[in-house]
Participant: 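Next up is a structure, given as structure tokens.
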Amino acid sequence: MIQPRTLKGFRDHLPAQALVRERVLDVARRVYRSYGFAPIDTPALEYLEILTGKGSEETDKQLYRFTDHGGREVGMRFDLTVPFARFAAQHVNELGLPFKRYHMATVWRGENTQRGRYREFMQCDFDAIGTTSPVADLEMVLVVHDLLVAIGIERFKVRVNDRRVLAGVLGRLGLAERATGVLRSLDKLGKATAEAVAAELEGQGVAGPAVATLLEMVALAGPADEVLGRLHDMAGDGPGTAGVESLRGIVAGAAAAGVPVGRVVVDPGIARGLDYYTGIVLESFLDDLPGLGSICSGGRYDDLAGLYTKQPLPGVGASLGIDRLLAGLEELGRGGGPETPADVFLAYFGPAHLADYLKIAAALRRAGLAVEFFPEARKLGQQLKLASKRGFPAALVIGGDEFQAGTAQLKNMASQDSTIIAWHGDADALAAAVRVALGRPGSPARTSG
RNA sequence: GUGGUUGUAGCUCAGUUGGUUAGAGCACCGGUUUGUGGUACCGGGGGUCGCGGGUUCGAGUCCCGUCAGCCACCCCA
């Protein structure tokens with residue numbers, strides 16, 4: 001016997017989790033589309049040269065790579081941004097600019113695992129390229145906000161900052177050359193203590209007063225107006241000011257779009273390790289699980305596809321880490337749920353009325369209800385027990401007695417109540433009555449979005 | 001990748017200073033006169049103690065390796 005097992009960092013998804021997962025994906029799809037982002041897809045495998053050298057040296061190490069049957073050097077995508085850059089360079093002429101796309105797909109990274117960190121996971125990216133408009137920046141924030149709200153999360157924060165502000169401050173401190181290292185150290189503040197970060201900065205050769213200024217900057221918190229005012233003072237004139245003004249626009253725009261005050265927070269501590277960001281950067285955290293890390297991050301970049309085309313493609317985008325979010329929801333006790341996607345369990349009493357059951361099931365489906373018709377004529381008690389375990393909201397019991405009387409028994413599995421429906425052989429009438437009983441009157445919902 | 005920690009039935013765990021056929025609760029299957037579920041009672045299936053070596057008369061219990069989970073570093077979703 002071969003032992004059934006899965007690779008480190010790779011997982012199976014059982015129905016209860018897979019249903020939550022698909023629900024979140026549906027929500028993300030709906031929200032992205034509601035802003036006009038169009039779906040795209042790209043291959044899981046790319047030529048190795050497409051993937052290497054684009055990310056950091058770190059991603060090169062984590063890359064799953066091999067030689068295919070045709071002797072080609074290939075790699076599995078480790079994010080959706082690099083394939084999108086290739087895609088954009090290859091298809092700009094067909095796409096037209098600006099172009100907004102979303103892409104929800106699996107990516108692979110051969111790094112060490114941890115809760116919420118896997119070797120195979122899914123990202124839900126959305127980007128707008130070919131525009132430097134502040135509106136595009138604002139939309140990113142709005143999408144992230146709408147997305148988390150639509151998923152059903154109330155307690156979260158979208159933290160925004162602007163690389164130009166950081167650059168301005170670093171420039172005044174004479175640290176422009178060492179920006180990457182300094183930002184990386186500052187990025188640790190959430191986890192490490194201020195003392196540790198200060199020590200690390202000094203280790204990099206940053207002077208004491210500069211360290212103090214940096215720590216003061218990243219510790220800024222409170223009303224956006226005050227934070228931005230202080231940042232303005234610290235960043236001085238030039239690009240730093242542009243960054244501050246841009247953030248001011250984000251805060252004002254979010255308010256205008258109806259985002260509750262306090263949901264979008266200006267946080268000078270958000271730096272993002274990735275060094276290709278040039279403008280706004282954003283991360284989002286669950287209030288109840290700050291240690292989980294950012295579940296949706298992104299920012300603005302000057303040029304997406306410089307490695308693949310001469311045409312400059314500035315853009316702004318972000319990515320929802322659905323697997324990390326799901327790990328968080330589960331930890332918050334929101335991972336459980338029904339194990340079936342169906343609305344109605346139709347019990348089976350035997351072949352005598354098989355044709356009738358099939359008609360009834362078909363009518364229910366026409367009415368927009370998902371039905372599981374049990375394929376075995378087991379004892380009714382067993383069937384109901386299974387239906388209950390699976391989390392069906394309702395069960396339809398129609399045996400010899402019911403067919404005789406022209407009725408049906410609709411059981412509410414949660415409350416154990418049952419109602420008798422008279423249908424007299426009219427399956428569509430029965431389906432309509434079931435719809436009403438399940439609290440979904442009217443015509444079947446049209447599937448859109 | 002580095003360091004630490006854990007690994008006994010589907011799940012949560014017990015398993016005495018290494019010693020006869022490895023236990024419990026929940027879950028699962030069946031039954032309590034054959035059309036009604038989450039409660040009660042009865043019965044049942046299921047574990048080569050992650051895997052592989054080693055020490056020993058004898059290892060779930062000690063040692064090494066390996067695989068996997070978790071935590072920290074790193075990086076990030």
Side-chain angles (χ1 to χ4, degrees), chain A residues 1-12 14 16 24 28 55-62 77-81 104-125 144 180 183-185 187-188 190-192 196 200 271-275 282-286 291-298 317-328 331 336 345 347-350 352-353 374 377-392 394-404 409-418:
Chain A
M1 287 272 267
I2 297 168
Q3 189 190 8
R5 57 191 186 141
T6 47
L7 286 164
K8 179 185 179 74
F10 291 69
R11 315 110 80 216
D12 290 323
L14 274 61
V24 172
S56 58
E57 57 200 61
E58 196 65 27
T59 51
D60 281 6
K61 281 185 201 164
Q62 301 175 351
R77 63 181 173 218
F78 55 84
D79 71 6
L80 299 179
T81 303
M104 308 195 296
T106 306
V107 302
W108 296 268
R109 292 181 196 176
E111 68 173 330
N112 239 337
T113 57
Q114 229 170 91
R115 170 155 282 266
R117 294 179 67 159
Y118 312 100
R119 291 186 168 174
E120 176 182 69
F121 59 99
M122 189 172 260
Q123 291 191 321
C124 306
D125 275 34
V144 171
T180 302
L183 292 181
R184 196 158 286 169
S185 298
D187 208 38
K188 293 177 187 168
K191 292 182 175 180
E200 190 172 317
R272 309 282 300 141
L274 285 65
D275 47 13
L282 68 91
E283 297 194 345
S284 44
F285 299 86
L286 303 184
L292 189 67
S294 173
I295 52 174
C296 195
S297 319
S319 180
L320 169 72
I322 186 176
D323 288 291
R324 176 173 291 182
L325 170 63
L326 257 26
E331 197 167 329
F345 179 93
Y348 185 39
F349 284 79
H353 287 281
F374 202 65
R378 286 192 199 156
K379 289 211 265 185
L380 184 59
Q382 290 178 36
Q383 294 191 46
L384 291 175
K385 191 175 173 186
L386 186 69
S388 175
K389 173 186 180 296
R390 291 274 166 80
F392 281 88
L396 204 46
V397 177
I398 311 172
D401 299 346
E402 283 83 0
F403 279 114
Q404 186 97 34
Q409 183 189 167
L410 182 67
K411 295 179 73 77
N412 178 322
M413 297 308 282
S415 68
Q416 295 199 73
D417 296 334
S418 48

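So that the names make sense, note that chain A is the first sequence line, chain B the second, and so on, each numbered from 1.
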Participant: Send over the distance from A/Ile322 CD1 to B/C76 C1', rounded to a whole Å.
Facilitator: 17 Å
Participant: Under 3.5 Å, is there any donor-acceptor pair linking the side chain of A/Glu111 to the base of B/A77?
Facilitator: yes
Participant: For A/Phe374 and A/Phe345, take the angle between the two ring planes, folded into 0 to 90°, and tell me which bin it lands in: parallel under 30, tilted 30 to 60, perpendicular over 60.
Facilitator: tilted
Participant: Across all strands, who's sitting opposite B/C41 as a Watson-Crick or G-U wobble pair, both distances under 3.5 Å?
Facilitator: B/G31
Participant: Look at the side chain of A/Met413 and decide which nucleotide, out of B/G35, B/A77, B/G37, has an atom nearest to it.
Facilitator: B/G37
Participant: For the side chain of A/Arg117 and the base of B/A77, is some donor closer than 3.5 Å to an acceptor across the two?
Facilitator: no
Participant: Of the candidate nucleotides B/C75, B/A77, B/U36, which contains the atom at the shortest distance from the side chain of A/Gln409?
Facilitator: B/U36
Participant: Is it the case that the base of B/U36 and the side chain of A/Gln383 share a donor-acceptor contact (distance under 3.5 Å, atom types as modelled)?
Facilitator: no
Participant: Nearest-Å distance, CD (A/Glu283) to P (B/C76)?
Facilitator: 10 Å
Participant: Check A/Gln409 against A/Glu402 and note the closest heavy-atom contact, atom names and distance.
Facilitator: NE2-OE2, 4.0 Å
Participant: Could you tell me how far B/G4 sits from B/G47 if I compare only their C1' atoms? Round to whole Å.
Facilitator: 30 Å
Participant: Got a donor-acceptor contact below 3.5 angstrom from the A/Arg378 side chain to the A/Tyr348 backbone?
Facilitator: no
Participant: Between the base of B/C76 and the side chain of A/Arg324, is one N or O donor paired with an acceptor at under 3.5 angstrom?
Facilitator: yes
Participant: Do side-chain atoms of A/Arg119 reach the backbone of A/Glu111 as a donor and acceptor pair under 3.5 angstrom?
Facilitator: yes
Participant: About how many Å separate SG of A/Cys296 and CG of A/Asp125, when rounded to the nearest 0.5 Å?
Facilitator: 9.0 Å
Participant: Of all the heavy-atom pairs spanning A/Leu384 and A/Met413, show the shortest one and how long it is.
Facilitator: O-CE, 3.5 Å
Participant: Between the protein and nucleotides 66-69 of chain B, list the N/O to N/O atom pairs that are separated by less than 3.5 angstrom.
Facilitator:
| unit_1 | atom_1 | unit_2 | atom_2 | d |
| --- | --- | --- | --- | --- |
| B/A68 | OP1 | A/Lys8 | N | 3.2 |
| B/G69 | OP1 | A/Gly9 | N | 2.9 |
| B/G69 | OP2 | A/Lys8 | NZ | 3.4 |

Participant: For the P atoms, the ones on B/G10 and on B/G45, what distance do you get once it is rounded to whole angstrom?
Facilitator: 16 Å
Participant: Pick out the pairs of N or O atoms, protein on one side and nucleotides 2-7 of chain B on the other, that lie under 3.5 Å.
Facilitator:
| unit_1 | atom_1 | unit_2 | atom_2 | d |
| --- | --- | --- | --- | --- |
| B/U2 | O4 | A/Asn112 | ND2 | 2.9 |

Participant: Please measure how far the C1' atom in B/G50 lies from the corresponding atom in B/G60, and state the result in whole Å.
Facilitator: 12 Å
Participant: In the strands shown, is B/A59 matched to any nucleotide by a Watson-Crick or G-U wobble pair with both distances under 3.5 Å, and which?
Facilitator: none
Participant: Starting at the 5' end of RNA chain B and moving along, which residue's nearest nucleotide shows up first, A/Leu380 or A/Tyr118?
Facilitator: A/Leu380
Participant: Strictly under 3.5 Å: I want the nitrogen or oxygen pairs between protein and nucleotides 25-32 of chain B, one per line.
Facilitator:
| unit_1 | atom_1 | unit_2 | atom_2 | d |
| --- | --- | --- | --- | --- |
| B/G30 | OP1 | A/Gln382 | OE1 | 3.1 |

Participant: Determine whether a donor-acceptor pair (one donor, one acceptor, N or O, separation below 3.5 Å) exists between the side chain of A/Glu402 and the base of B/G35.
Facilitator: yes
